[in-house]
Amino acid sequence: MLQTGKDCPVAEFESEFERNLFALRQEKLDAIAALGQARYPNQYRTTHTIAAVRAQWGETPAETLNGTAEQPVERVVVSIAGRIMAIRAQGKAGFAALQQNGERLQMYVRQDAVGEAGYALYKLLDMGDHIGVTGYLFRTRTNELTVHVETLTFLAKAMLALPEKYHGLADVELRYRQRYVDLFANLDSREVFVKRAKILRAIRRFFDEREYLEVETPMMQPIAGGAAARPFVTHHNALDLDLFLRIAPELYLKRLVVGGLDRVYEINRNFRNEGVSTQHNPEFTMLEFYQAYANYHDLMDLTETLIAQVAQEVNGTTVVEFNGHTIDLARWQRLTMVEAVRQYWPVAAGECPDLTALSGKALYELFEQHVEHRLIQPTIIHEYPTEVSPLSKAKPDDPAHVERFEFFIGGFEVGNAFSELNDPVEQRRRFEQQLAAREAGDDEAHQMDEDYVRALSYGLPPTGGEGIGIDRLTMLLTGSRSIRDVILFPLMRPEAQRQEMQGEQAADGGAEA
RNA sequence: GAGCUCGUAGCUCAGUCGGUAGAGCAACGCACUUUUAAUGCGUGGGUCCUGGGUUCGAUUCCCAGCGAGCUCACCA
């Protein structure tokens, strides 16, 4: 019965199950075409989205929709489309759940309503198929809002089996690799990305209202600057030019402030050639913003307002559950680094050392080791040692510290801000220090950026700048423990490579034997 | 990069103290015109991640590799 010789366009179907299923679905497509339906029609006109139907009639009671024999009502006719996520045949009738744009609506088909051809089509439908239906709304005995189908239109076929309908797609690797399945099979996953878009909208609205200009600066840069990180290298063929994927937009954004764009922000990808973890993906989305005539104190206020406002707008509350903690994004504390180390010093580590006697670097290490992961509630840490802050401006009355803060939520850093260094002579000096570090083997040290020094030489006004990790903020606002759960297609090792390597290994083994 | 854990049907998972494997969903057939994890009966589907070793015999034990998750390191 199965035509195993049928063309199969997907080379990876090596299992008999998938090959047979694919062939079977091809035959069903043929049968559907024989009923006069197009195999892959180009359009379908709906009158409503499923969300619109739910919004308008979701609360309408059964008696209003269904009427009675004595008191018939005018039927509400709608035309909707969606993917079949559940299907139940019952003799000469059947139900199916249509899912469209993350919302579901049930449909009811009976042969005496759609005719023999219509019901023949229904019987050829599978889980995952896309269809359009026209019919009237009613409520079933169990009070479920349902479309009583009068016309059934085939739209597209699922040639592969859907994940288990109760558990969905649970394998995290498959969820990341085949996000297209994850998104329609696990609506929770879809919700994360819908929320991510809302977060971005809220952030843009926040800055637009404050007369910041959204800009886009180069992602391919001849000198990768603005952060301490190893870049990815790429090459421009026509210009025969090596370029780096940016590790930060920082130096370009400050050039724009020199140019008189007093308030700018950019939301885009940064690329850092480092390992992956639950908090790191090689490409990640960063918000950076710069404000002329502001210093880091202004940015602290702005940050607290921003985070609370985005949470409120996206979640309707500033309280989030994250990793077993209840966090209020509207309640902040501000501590100097010294205060934070004193306050969060773990008793298990013995007595807290005399922090004033420590070098800046040693203090920072204590902070990272003992304090950072314990900063669950929103916390701004300020007064950073100059030694660990090569890009920020020293405090006027205290050259050992810089005007810098970072903020932490849920145990990790979410943002980093400072009063920008705007003295070109000092900037050149620091670049030269970085060059020396580079010579000494530090491949994360900055290269000299002559043009940036030149830009500063035209005069950068006193400026505050800040970077906020959007992926991490999204993790907090969606309760996601891994950054990969808030990135649609996180970096994964390709499976093709795996097969090749296994092939090589097999070849080697054969040679040895 | 290091440590720990995992990899069995399309999906979700059992299991084999070493004798080549099961369930549910999905698929196929039959019945069923208000079901909703529909139901009932029947059928098919597996290189047990890959390679090697030990063994009469490996999906199981050992080694190596590949992939993934978690923790750590680097970073934001």
Side-chain angles (χ1 to χ4, degrees), chain A residues 1-2 13-22 24-25 62 66 85-97 104 106-113 119 126-128 138-144 146 148 158-178 181 185 227-230 247-248 270 272-282 284-288 368 372-373 406-408 412-416 444 467-473 481-484 492-495 497-510 512-513:
Chain A
M1 191 186 80
L2 296 178
F13 297 162
E14 289 179 6
S15 80
E16 190 179 344
F17 174 88
E18 287 209 336
R19 242 183 301 116
N20 287 345
L21 186 64
F22 203 95
L24 195 67
R25 299 272 161 105
N66 298 2
M85 294 303 288
I87 188 162
R88 298 175 287 278
Q90 278 195 299
K92 299 277 183 281
F95 290 90
R104 288 191 182 189
Q106 179 170 269
M107 53 170 256
Y108 176 58
V109 183
R110 43 192 295 166
Q111 188 173 56
D112 53 20
Y119 200 70
D126 292 295
M127 296 265 285
F138 78 111
R139 283 188 186 276
T140 62
R141 280 176 199 158
T142 51
N143 206 37
E144 171 125 7
T146 303
H148 197 294
M159 310 299 283
L160 296 171
L162 263 51
E164 215 254 6
K165 65 180 168 189
Y166 189 58
H167 298 94
L169 191 66
D171 184 303
V172 286
E173 182 176 353
L174 281 178
R175 289 184 47 229
Y176 300 151
R177 287 192 195 279
Q178 301 183 25
V181 178
R230 277 151 56 197
I247 55 175
N270 288 346
R272 298 190 183 174
N273 208 335
E274 277 145 13
V276 299
S277 79
T278 49
Q279 280 152 38
H280 300 84
N281 194 64
F284 63 100
T285 300
M286 181 94 129
L287 158 70
E288 279 203 17
E368 286 193 312
E372 178 169 349
H373 66 279
E406 293 187 308
F407 68 98
F408 301 81
F412 53 77
E413 183 191 342
V414 180
N416 180 19
E444 293 188 355
I468 294 178
I470 296 300
D471 311 282
R472 290 185 177 179
L473 182 60
R481 294 186 65 164
S482 170
I483 199 168
R484 291 180 211 109
M492 304 286 278
R493 284 194 167 84
E495 287 182 300
Q497 183 183 325
R498 173 185 178 181
Q499 286 170 2
E500 279 166 29
M501 303 216 28
Q502 284 175 353
E504 284 167 24
Q505 193 185 356
D508 291 350
E512 278 166 24

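Naming: A, B, ... by sequence-line order, numbering from 1 per chain.
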Notebook entry, point to check: Just to confirm, is there a sub-4.0 Å distance from OP1 or OP2 of B:C66 to any side-chain nitrogen or oxygen of A:R493?
Noted result: no
Notebook entry, point to check: Does A:R272 put a side-chain nitrogen or oxygen below 4.0 Å from OP1 or OP2 of B:A76?
Noted result: yes
Check: Does B:G10 have OP1 or OP2 sitting under 4.0 Å from an N or O in the side chain of A:S15?
Finding: yes
Check: Stacking here means centres under 5.5 Å and planes under 30°; does A:F17 stack on B:A27?
Finding: no
Notebook entry, point to check: For the residue pair A:E413 and A:R472, what are the closest heavy atoms and their distance?
Noted result: O-NH1, 2.8 Å
Notebook entry, point to check: So, is A:R19 close to the B:G10 phosphate, meaning a side-chain N or O under 4.0 Å from OP1 or OP2?
Noted result: no
Checklist line | For B:G29, the Watson-Crick or wobble partner whose two distances fall under 3.5 Å | finding: B:C41
Protein-nucleotides 70-73 of chain B N/O pairs closer than 3.5 Å?
{"residue": "B:C70", "atom": "OP2", "partner": "A:R484", "partner atom": "NH1", "Å": "3.1"}

Checklist line | Under-4.0 Å side-chain N/O to phosphate OP1/OP2 contact, A:R141 with B:U35 | finding: yes
Notebook entry, point to check: Does A:Q90 get its side chain close enough to the base of B:U34, under 3.5 Å, for a donor-acceptor pair?
Noted result: no
Margin query: Looking at B:U34, which nucleotide sits across from it as a Watson-Crick or G-U wobble partner, both distances under 3.5 angstrom, or is there none?
Written below: none
Notebook entry, point to check: How would you label the contact of A:A228 with the nucleic acid (heavy atoms, under 4.0 Å): base, sugar-phosphate, or nothing?
Noted result: sugar-phosphate
Next item on the list: Tell me, please, which residues at least two apart from A:S277 pass side-chain contact (heavy atoms from CB on, under 4.5 Å).
Entry: A:Q279, A:H280
Item checked: Shortest non-hydrogen contact from A:Q106 toward A:T140 -> NE2-CG2, 3.8 Å
Next item on the list: Quick one: look up who B:G19 pairs with, Watson-Crick or G-U, both distances under 3.5 Å, and put none if it's unpaired.
Entry: B:C56
Notebook entry, point to check: Using purine N1 to pyrimidine N3 plus N6-O4 or O6-N4 for Watson-Crick, or N1-O2 and O6-N3 for G-U wobble, both under 3.5 Å, which nucleotide pairs with B:U50?
Noted result: B:A64
Next item on the list: Would you classify A:N281 as touching base, sugar-phosphate or nothing, given that sugar-phosphate means primed atoms plus P, OP1 and OP2, and contacts are heavy atoms under 4.0 Å?
Entry: base
Next item on the list: Quick one: label A:R104 by what it contacts on the DNA or RNA (base, sugar-phosphate, nothing), any heavy atom closer than 4.0 Å.
Entry: nothing
